[in-house]
Structure formats: C-alpha cells, structure tokens
Undergrad: 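Supplied in structure tokens, the structure appears directly below.
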Amino acid sequence: NIYGGVAVSGDYAYVADGYKGMRVIDISDPTATREVAQCDTIGGRTTQVIVHGQYAYTGNELGGIYVLDIGDPQRPRPVGHCGTLAMVERLALDDSLLCIAGQMPVPIVNVADPTRPFQVGVYDNPGFAYSVAVADSWMYVADAWEGMQIVSISDPTNPVAVGRFPCPADDVAVVGQCALVAAGADGLLVVDVSVPQSPIEIGHCATPSSARKVAVSWPFAYVVCDSRGLRIVDISDPTNPREVGYHTRPGAAGNLAVQGSCVFTVDRGTNLNILENVLYGVKEAAPARTPHVRLRQNPVRGGSIGIRFWLDKPSDAGFDLYDVSGRLVRAFPAIRAGSGYHDLHLPVGSLPPGAYMLRVTSPASAECVKVVLPDCVK
C-alpha cells in the first residue's frame with residue numbers, strides 16, 4: 001500500500017507507506033528484493049522520505065517530521081520529531097536545513113541535532129508549493145501557480161525570494177548551475193540559475209504527457225510523465241536535452257529515486273519498481289575515429305534511420321541494430337563505399353518503439369550511436 005516517497009542509500013531502499021510508516025527493502029540483489037524492516041511513524045499517512053548518512057527523515061500529511069536512526073537499516077528507530085506549519089509532500093536537505101513543500105508556506109527545519117529538530121523559519125510562498133530543492137544556501141520552490149521561486153536561505157530565519165522563473169512547475173532538481181523543472185504539459189525545462197535574480201531558460205525537452213517528477217544522475221535526467229511512465233533525457237548538453245529512452249508499465253509512476261544506473265519508481269498505490277538504465281557504460285567513439293557516424297534525426301522519423309558517415313579510404317561498411325539488452329534485432333546489408341561522407345537510410349520496419357544501439361563497422365574501426373524509435377516512426 002505504497003503512498004508516496006522513496007529514497008535509496010547503499011543496499012537499501014526506504015519507502016513511505018502511508019499509515020504503515022516507513023518500509024526498508026534490501027536491494028543488494030535488485031532481482032530478488034526483500035523487506036527487512038518496517039517502522040511506524042505517528043500522525044497520519046507517511047508521505048515522503050529522504051536519507052542522509054545514518055538518518056532517514058520522513059514527513060506526513062498532518063505536518064510532522066520524524067527522524068529515524070538507520071545506522072542498522074534492519075532495525076530503524078525513531079530518535080526525533082517536530083511539527084511544522086504545513087503538510088509534507090516533498091523534502092529537501094542541505095547541510096543541516098530541511099525544507100518542506102506541501103502547501104503555500106515552505107517551513108525550514110534545523111536538523112543539526114537529529115534528535116532535536118526544530119522549525120527555524122518559513123518562506124511565505126505566493127502560490128502552492130508542489131516541490132522543493134536546495135543547494136548552496138539557495139532554495140528552489142516548484143510553485144504550481146507562480147512558477148519556480150529562487151529563495152536565499154543564507155539566513156534561514158528570514159528566507160528571501162530573489163528570483164522567479166514563470167512556468168508550470170511540478171518538481172525541480174538542481175545540478176551545477178542549472179535547475180531542471182518538470183513543467184507539466186511544457187515538458188522538461190533547463191533553466192540557468194547562475195544569476196539567481198535572472199533565471200533564463202537554456203534548454204527544453206518535450207514529453208509525451210505532463211512531466212510530474214524529475215531526478216538526476218549525470219548525464220541523465222529521469223522524468224515521470226503521468227501514465228506515460230519514465231522518460232530518460234540526456235542532459236550532457238544542457239542547451240539540447242534529448243530523450244534517449246523510456247520505460248512504461250501498467251499503473252502511473254509516482255515518485256522516484258536514482259542510484260547510479262538504477263532507477264526506483266513508485267506506482268501510485270501499487271509497487272516499488274527497480275529499473276536499470278543500460279545506456280550507462282556504452283562507449284561511443286570520438287569524432288576523429290573512422291567511420292564517424294552522425295544521425296540525421298533522433299528520435300527517428302519517417303520509418304528509417306537516416307545517417308551520415310565518413311570513411312577515410314574506400315572500404316566495406318556494416319550496419320547492425322541492437323536492442324538495449326544487446327540482442328541483434330536487425331542486420332542491414334553491408335555496402336562498399338569510397339572515401340568521404342556518405343548518406344544512408346536504414347529502414348526500421350515494424351520494430352517496436354524504444355532505445356537501440358546502431359553499430360557501424362569498417363575494417364579500421366567500429367562506432368556505436370544511440371537511436372530512439374518513438375511510439376510512431378511512420
């Protein structure tokens with residue numbers, strides 16, 4: 001009966017499970033998970049959990065924060081508690097400050113002593129705070145009505161808004177000088193926040209349905225899109241974010257957490273799912289290698305993979321398409337071509353949508369490029 005949040009640390013996942021508190025799942029073998037502990041929390045449904053060091057911080061719908069000692073993950077125990085002004089939907093922790101989103105005000109709790117947490121301040125948000133992220137004494141509030149607010153919390157007793165980016169904002173994550181905003185029907189936005197007073201959009205990736213949640217494990221952003229599941233977006237070039245894979249399953253994905261190449265999603269009221277992003281570790285050739293391959297369009301449109309490739313001398317070139325599990329799904333006829341650039345279209349036929357790897361080989365070398373087939377390629 002999973003209700004909301006999930007956090008991951010080491011070999012364990014911590015799941016907020018409504019009226020049943022927090023559950024601890026052993027994920028040391030992701031293919032054979034098992035529950036090892038359950039810890040009740042008081043005060044309504046447990047809606048969110050985050051983990052830092054040996055402590056888990058949980059929040060509930062009635063506005064309570066509970067701190068659990070997870071030094072021994074199989075024996076979690078409550079060690080601290082405090083009330084807040086608002087219900088808890090999302091939590092963000094920066095050093096000793098815990099920021100809370102869930103209603104209009106955004107409470108700030110000092111957890112320097114986890115056994116004695118206390119509220120030190122509150123940001124009077126102008127709209128409804130769906131989510132919050134913190135980094136380097138800045139708080140980023142995803143406001144459903146007013147857009148993303150940028151707030152200085154250098155003095156947590158007196159948080160001050162200094163900037164605003166107008167957009168629908170359901171969730172926000174921060175990496176470096178960029179804020180990634182899950183912007184509902186507007187998809188995923190990349191916003192430069194290097195000047196907090198003047199945030200500007202530098203990148204955008206459309207999503208097939210409303211973007212609700214976002215988490216980052218460089219160089220990928222993982223975006224939950226209502227009933228269209230999880231979308232994987234390459235953000236290595238923040239000015240040109242692009243979808244490189246996705247995963248759908250029955251039930252709408254809710255909250256998520258990322259650890260390395262593993263993604264943990266919570267179906268609303270159903271399951272904890274563990275997915276592996278197999279795009280990690282795929283080594284692409286440097287541009288100077290032969291043959292140099294560039295996709296003319298990605299995701300693919302028009303029923304064929306359009307590529308331009310380079311040969312530095314006349315030779316044979318082979319083309320093979322693999323799915324993300326490494327299975328060969330299409331072997332295209334090899335060609336013999338002269339030196340220089342060549343354009344080629346490789347028909348995909350009835351292949352199902354998804355992420356693939358195109359391997360182009362010559363006697364001198366081989367190069368792989370990622371290919372995305374969308375829901376409809378015709």
Undergrad: Suppose we screen for side-chain contact (heavy atoms from CB on, under 4.5 Å). Which residues come up paired with Phe165, at least two apart in sequence or across chains?
TA: Met148, Cys167, Leu189, Val191, Pro199, Glu201

Undergrad: Apply salt bridge (charged side-chain N to carboxylate O under 4.0 Å, His left out) to Arg34 and Asp26, showing your working.
TA: CA-CA 5 Å; Arg34 60 190 182 94; Asp26 185 332; 3.4 Å; yes

Undergrad: Would a 4.5 Å heavy-atom cut-off, applied to side chains only, mark Leu97 and Val134 as touching?
TA: no

Undergrad: Could you check whether Gln177 and Asp192, counting side-chain N and O atoms only, form a donor-acceptor pair closer than 3.5 Å?
TA: no

Undergrad: Please work out which of the three classes, parallel, tilted or perpendicular, describes the rings of Tyr130 and Phe128, given edges at 30° and 60°.
TA: perpendicular

Undergrad: Once rounded to the nearest 0.5 Å, what's the spacing between atom CD1 of Ile335 and atom NE2 of His342?
TA: 7.0 Å

Undergrad: Roughly how far, to the nearest 0.5 Å, is the CZ atom of Phe309 from the OG atom of Ser362?
TA: 9.5 Å

Undergrad: Could you walk me through whether Ser131 and Asp171 satisfy the side chain to side chain donor-acceptor pair (under 3.5 Å) test, starting with their C-alpha distance in whole Å, then the side-chain angles of each, then the deciding distance to 0.1 Å, before giving a yes or no?
TA: CA-CA 5 Å; Ser131 186; Asp171 195 13; 2.5 Å; yes

Undergrad: Using the rule side-chain contact (heavy atoms from CB on, under 4.5 Å), only one of Asp72, Asp69, Leu68 pairs with Gln54; which is it?
TA: Asp69

Undergrad: Calculate, to the nearest 0.5 Å, the distance between atoms OG1 and CZ belonging to Thr207 and Arg231 respectively.
TA: 8.0 Å

Undergrad: Output yes when Arg212 and Asp170 qualify as a salt bridge under the 4.0 Å nitrogen-oxygen rule, no when they do not.
TA: yes

Undergrad: For the CG atom of Leu275 and the NE2 atom of His247, what is their distance to the nearest 0.5 Å?
TA: 5.0 Å

Undergrad: Between the main-chain N or O of Cys225 and the side-chain N or O of Ser209, is there a donor-acceptor pair closer than 3.5 Å?
TA: yes

Undergrad: Met22 versus Ile70: any side-chain heavy-atom pair under 4.5 Å?
TA: yes

Undergrad: Donor-acceptor pair, distance only, cut-off 3.5 Å: does the side chain of Gln259 make one with the backbone of Gly10?
TA: yes

Undergrad: May I ask whether Trp138 and Val106 are part of the same hydrophobic cluster, defined by side-chain heavy atoms of I, L, V, M, F, W, Y residues being less than 4.5 angstrom apart, directly or through others?
TA: no

Undergrad: Any heavy-atom pair between the side chains of Ile50 and Tyr14 that's under 4.5 Å?
TA: no

Undergrad: Any non-hydrogen side-chain atom of Leu346 less than 4.5 Å from a side-chain atom of Ser304?
TA: no

Undergrad: Does any non-hydrogen side-chain atom of Tyr246 lie less than 4.5 Å from one of Ile232?
TA: no

Undergrad: Sequence neighbours left out, what passes ring-ring contact (aromatic ring centres under 6.0 Å, His included) with His52? Give chain and number order.
TA: none

Undergrad: About how many Å separate CZ of Phe220 and OG of Ser236, when rounded to the nearest 0.5 Å?
TA: 8.0 Å

Undergrad: Between Asp17 and Lys20 (salt bridge meaning N to carboxylate O under 4.0 Å), is one present in this structure?
TA: no

Undergrad: Is it possible for you to say whether Val216 and Val181 belong to one hydrophobic cluster, with membership spreading through side-chain heavy-atom contacts below 4.5 Å?
TA: no

Undergrad: More than 12 non-hydrogen atoms from neighbouring residues, nucleotides or ligands closer than 6.0 Å to CG on Asp124, yes or no?
TA: no

Undergrad: Are Pro105 and Tyr123 side-chain neighbours, meaning at least one heavy-atom pair lies under 4.5 Å?
TA: no

Undergrad: Does any part of the side chain of Leu230, heavy atoms only, come nearer than 4.5 Å to the side chain of Val224, both counted from C-beta?
TA: yes

Undergrad: When you measure from the side chain of Thr47 to the backbone N and O of Gly59, does any donor-acceptor pair fall under 3.5 Å?
TA: yes

Undergrad: Between Phe332 and Pro347, what is the shortest heavy-atom contact and its length?
TA: CE2-O, 3.2 Å

Undergrad: Given side chains that start at C-beta, do those of Val67 and Thr115 come closer than 4.5 Å, heavy atoms only?
TA: no

